[in-house]
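The analysis underlying the following values was restricted to heavy atoms, covering all of them including side chains, and did not include hydrogens, waters or symmetry mates. Numbering starts at 1 and runs along the sequence shown.
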Amino acid sequence: MFYLLKVLIERQIHTLDRPFSYACLTELNPKKGERVIVSFNKKQTIGFIIDDPELIQQDIKEFNKGKTFETLFIDKLIDNSPVLTDEMFELADKVAKYYHSTLISIYKTMLPPSLKPASSFKNKPKEAFVKMITFKKDDDGSLSKLELKALNKIKEKGSVKFTGFGMKKTVAVLLAKGFIEIVDVKVNRLAEYEKKEYVEKKLSEEQLNAYNTIVSKDKKVFLLEGVTGSGKTEVFFKLTEYYRSIGKGVLILEPEIALTSRLVTIFKSKFKDDVAVIHSGETAANLYDEHLRIASGKANIVIGARSAIFAPVNNLGLIILDEEHVGSYKQENEPYFHARTVAIMRSEMLGAKLVLASATPSLETKARAEKKVYEQLYLTKRFTGYALPKVEIIDMANIKNLDTDSIIISIPLRKAIAETIAKNKQAILFINRRGYAPVYSCRKCGKIFKCPNCDVPLTYHKEDNKIKCHHCDYELSAADLKCENCGSEVFSNTGFGTERIVDEVRRLFPMARIARLDSDIASRKKEFNMTLFGFENHDYDILIGTQMIAKGHDFKDVELAVSLMADKSLSIPNYKANEDTFDLLTQLIGRAGRFSNNGKAIIQTYMPENEIINFSANQDYEQFYKFEMHNRKVFQYPPYTFLAIITISGTDSDELETFCYKVKGYLTAELKNARVNIYGPSFPYIKKVNNRYYRKLMLKYKSHQEVEQVFNNLFNLEGKDIKISLDIDPVSDC
């Protein structure tokens, strides 16, 4: 007699995306959702039990008799209880089916590193305990003076760490006589957040209307469209308060790690330890501990970034996606899920309310609201009552605006920064490129240094004097570099990144206190939080950074917001370039003057007449929406069609090209009766990464049902070296 298990192994390969049968001893009492170690292809690997074990009333030898493949026993049962609930299994099935992802990749995304169905879990943190001596009972007259002294000390302190307590013989006597006991106490490894008392504000009429509508209406999905600074956070706070009062869990997503810190601080001031934090910036130990707190019901409010959509919140009643338009909600590697789509699935599964909030809703979301699929709510005024900032567009092609001291800081901008600092106010300067300079070249022969793995220019980082690839881990020290072409040791930097802007502004304003925020800083959590909270507390006059500074923040002293190179994002070969540019500029402008009528924004551009830049400057979402929806309809892009990108990679460029046409031929034949257009093969924006060449095919289609089976069979075409990935609803490189 034994249990027959359906086990999914850890390898993320579509041809292996099916359960394999293994036997398990009955005394181990295996359960669906537990991990096991099994032998697969004569190698130990991690497996995941994906169905209820079946009790077989036979001996294993009898069971295997006459079978082509022998059913093996598992090597080990890893868990004592399931690491995924039935609810999460159901959600994983829906996500995997929609995105044509392997199930195991979804399970891995749902779980913290320590609980993943992957061999890597062995090296990840587990629950940490420390042995503590605790008081049990008072002296009954049998203790010596020394023993009584030790007992009183333990009683006074409540508990004492076992390893740090002296008089071990005395401890042994007290333990033997039952006066004390040694217990394992769980170590608290949770991240510390700045403690800040949040003063609840009385909701405005618009905010109160939004709150009441969400709470009372039967509609499940709401679009909360509010101008920058309209007080969406206050509505989130009040909604959370209500849903917790009726015993429901709450899940709040922010698109950037940078935005979670402030929100966590606000919510912890009210809800204390009921708040858990899930995002990639947390340590593996923190993620593990937070996952256990959420799963056990000790934390019922989860705040996090994209992957937090899978948090195992008990009795989930409310999901909020703040800044729902932001592209970072879409995962850019397998599995290619979008947190908004998963949130809709989860909301439908559980009957939970979903609030999509933004000052600049995505066109897909706005279109659904216009069709009454979602309930539309508006916040039209800034919560503080102050006006939106005045916006000045500076033409960088006009020589009158150019400063002889700087090619990136114009004369009007230099004056505006000086005036802002003189008033003891703050400025934020945005440029969407980290590092010092995006191009590093030989001054003698002009050779540009490129990544040998990815064939893209290496970016110079002055901070550690290295040139780095932003697509793989390749880097070179600039200190002892020689040009391979001519042997020169003299080099030039071309272009601007955040580091160079810091140097430029510091040179022009030597007395100003300047800080930088980009992903290089964000990777150093302590420095990142110190910088962010330091700027909020006015320890700095100027903050220079990438898009993580452009949205969601509520800095009370910022009166000047600046886009240094506004048209850069318009040139990206992507159907969403206009939308992304409008969103980013509108959000950036909204950082200025949130607590005064003196807010000002400056947009530096070489295209001052561009419609998108002018829509942004006027904060005119409605005109932008009409303009861009017309473009989408003409060129048949979402929301008028669905998109898919098929990316094919290999190490041989010629072989890859031939294979791409084979894939296109397969698609053309299989989809001849479907409403589908196939484009390519073409080069993606980055055509070589980590010594693999990439090509892509793009499909526009009207129905998921028409392409579903063809997409499922697509991966059967993969070869030994040729890999295929499928991105449903892509947001970049299309």
Side-chain angles (χ1 to χ4, degrees), residues 85 87-88 90-92 94-95 98 106 109-110 210-226 232-256 259-260 263-264 266-267 271 274-279 290-291 293-295 297 299-326 328-331 337-358 361-362 364-365 368-369 373-377 552 729:
T85 63
E87 177 194 317
M88 301 315 289
E90 184 184 348
L91 181 61
K94 288 179 181 291
V95 175
Y98 183 84
I106 305 297
T109 305
M110 286 179 157
Y211 165 79
N212 287 330
T213 303
I214 293 166
V215 166
S216 62
K217 279 219 172 182
D218 290 335
K219 205 84 162 180
K220 293 303 176 194
V221 184
F222 300 84
L223 170 58
L224 180 59
E225 183 181 337
K232 292 185 286 292
T233 302
E234 278 72 30
V235 178
F236 302 163
F237 196 90
K238 201 73 177 173
L239 285 168
T240 301
E241 202 170 41
Y242 169 76
Y243 278 94
R244 287 305 298 128
S245 73
I246 60 171
K248 297 279 189 178
V250 177
L251 181 52
I252 306 173
L253 266 62
E254 293 285 353
E256 307 278 355
L259 300 179
T260 62
L263 205 63
V264 170
I266 290 170
F267 276 70
F271 302 105
D274 202 21
V275 178
V277 186
I278 299 286
H279 59 65
E290 290 288 58
H291 182 91
R293 287 204 313 126
I294 298 163
N300 297 283
I301 302 166
V302 175
I303 298 174
R306 180 178 60 230
S307 61
I309 191 60
F310 295 112
V313 183
N314 289 313
N315 200 18
L316 185 61
L318 175 68
I319 306 171
I320 296 170
L321 258 75
D322 193 19
E323 312 292 356
E324 65 84 29
H325 64 277
V326 178
S328 56
Y329 278 127
K330 171 74 172 180
Q331 181 143 305
F337 72 91
H338 197 299
R340 182 178 60 227
T341 303
V342 179
I344 292 167
M345 291 176 182
R346 204 167 176 188
S347 169
E348 289 172 348
M349 274 175 53
L350 303 174
K353 299 286 181 73
L354 171 60
V355 178
L356 304 173
S358 176
S362 64
E364 293 86 343
T365 297
R368 288 188 178 97
V373 178
Y374 302 159
E375 180 84 13
Q376 172 82 65
L377 301 167
D729 305 335

Which pair of heavy atoms, one from [X] and one from [Y], lies closest together, and at what distance?
X      : Y      : value
Ala352 : Ser347 : O-OG, 2.6 Å
Met345 : Val95  : SD-CG2, 3.8 Å
Glu290 : Val277 : OE2-N, 2.8 Å
Ile294 : Ala311 : CD1-CB, 4.4 Å
Leu251 : Ala308 : CD1-O, 3.3 Å
Ala369 : Gln376 : CB-OE1, 3.6 Å

Interatomic spacing from [atom1] in [X] to [atom2] in [Y] - rounded to 0.5 Å:
X      : Y      : atom1 : atom2 : result
His291 : Ile278 : NE2   : CD1   : 8.0 Å
Ser328 : Glu256 : OG    : CD    : 4.5 Å
Ile106 : Met88  : CD1   : CE    : 10.5 Å
Ile303 : Leu259 : CD1   : CG    : 11.5 Å
Ile301 : Phe271 : CD1   : CZ    : 4.5 Å

query = Yes or no on side-chain contact (heavy atoms from CB on, under 4.5 Å) for Leu316 and Lys248, after CA distance, side-chain angles and deciding distance?
reply = CA-CA 6 Å; Leu316 185 61; Lys248 297 279 189 178; over 6 Å; no

[X] side chain near [Y] side chain, heavy-atom distance below 4.5 Å:
X      : Y      : result
Leu253 : Ile309 : yes
Glu324 : Ser362 : yes
Asp729 : Tyr98  : yes
Thr365 : His325 : no
Arg306 : His338 : no
Pro361 : Leu356 : no
Tyr374 : Lys220 : no
Leu354 : Ile344 : yes

request  = For the pair Met349 and Lys94, evaluate side-chain contact (heavy atoms from CB on, under 4.5 Å) and give the outcome as yes or no after the intermediate values.
outcome  = CA-CA 10 Å; Met349 274 175 53; Lys94 288 179 181 291; 3.4 Å; yes

task = Test side-chain contact (heavy atoms from CB on, under 4.5 Å) on Leu91 and Glu87 and set out the steps.
result = CA-CA 6 Å; Leu91 181 61; Glu87 177 194 317; 5.8 Å; no

task = Say whether Thr213 and Glu375, considering side chains only, have a donor N or O and an acceptor N or O under 3.5 Å apart.
result =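 No pair is found: no donor N or O on one side chain lies under 3.5 Å from an acceptor on the other.
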
query = Pick from Ile319, Leu321, Leu318: which one makes a side-chain contact (heavy atoms from CB on, under 4.5 Å) with Val355?
reply =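 Only match with Val355 under side-chain contact (heavy atoms from CB on, under 4.5 Å): Leu318.
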
ask   = Do Phe337 and Phe310 make the cut of ring centroids closer than 6.0 angstrom?
value = yes

task = For residues Phe237 and Phe267, establish whether the separation of their ring centroids is below 6.0 Å.
result =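 Yes: the rings meet the under 6.0 Å criterion.
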
message = Taking Lys232 first and then Asp322, would you say they form a salt bridge - that is, a charged N and a carboxylate O separated by under 4.0 Å?
response =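 No, this pair does not count.
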
inquiry  = Using only atom types and a distance under 3.5 Å, with no angle test, would you say the side chain of Arg368 pairs donor to acceptor with the backbone of Leu223?
reply    = no

query = Taking Asp274 for the side chain and Asn300 for the main chain, is one N or O donor matched with an acceptor at less than 3.5 Å?
reply =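 Checked: pair present.
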
task = Using a cut-off of 6.0 Å, state whether more than 12 heavy atoms not belonging to Lys238 lie near its atom NZ.
result = no

request  = Could you tell me whether Lys219 atom NZ has more than 12 heavy atoms of other residues or ligands within 6.0 Å of it?
outcome  = yes

query = Relative to each other, are the rings of Tyr211 and Tyr242 parallel, tilted or perpendicular (30° and 60° limits)?
reply =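 Correct class here is perpendicular.
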
request  = Applying side-chain contact (heavy atoms from CB on, under 4.5 Å), run through Leu377 and Ile214 and close with a yes or a no.
outcome  = CA-CA 9 Å; Leu377 301 167; Ile214 293 166; 3.6 Å; yes

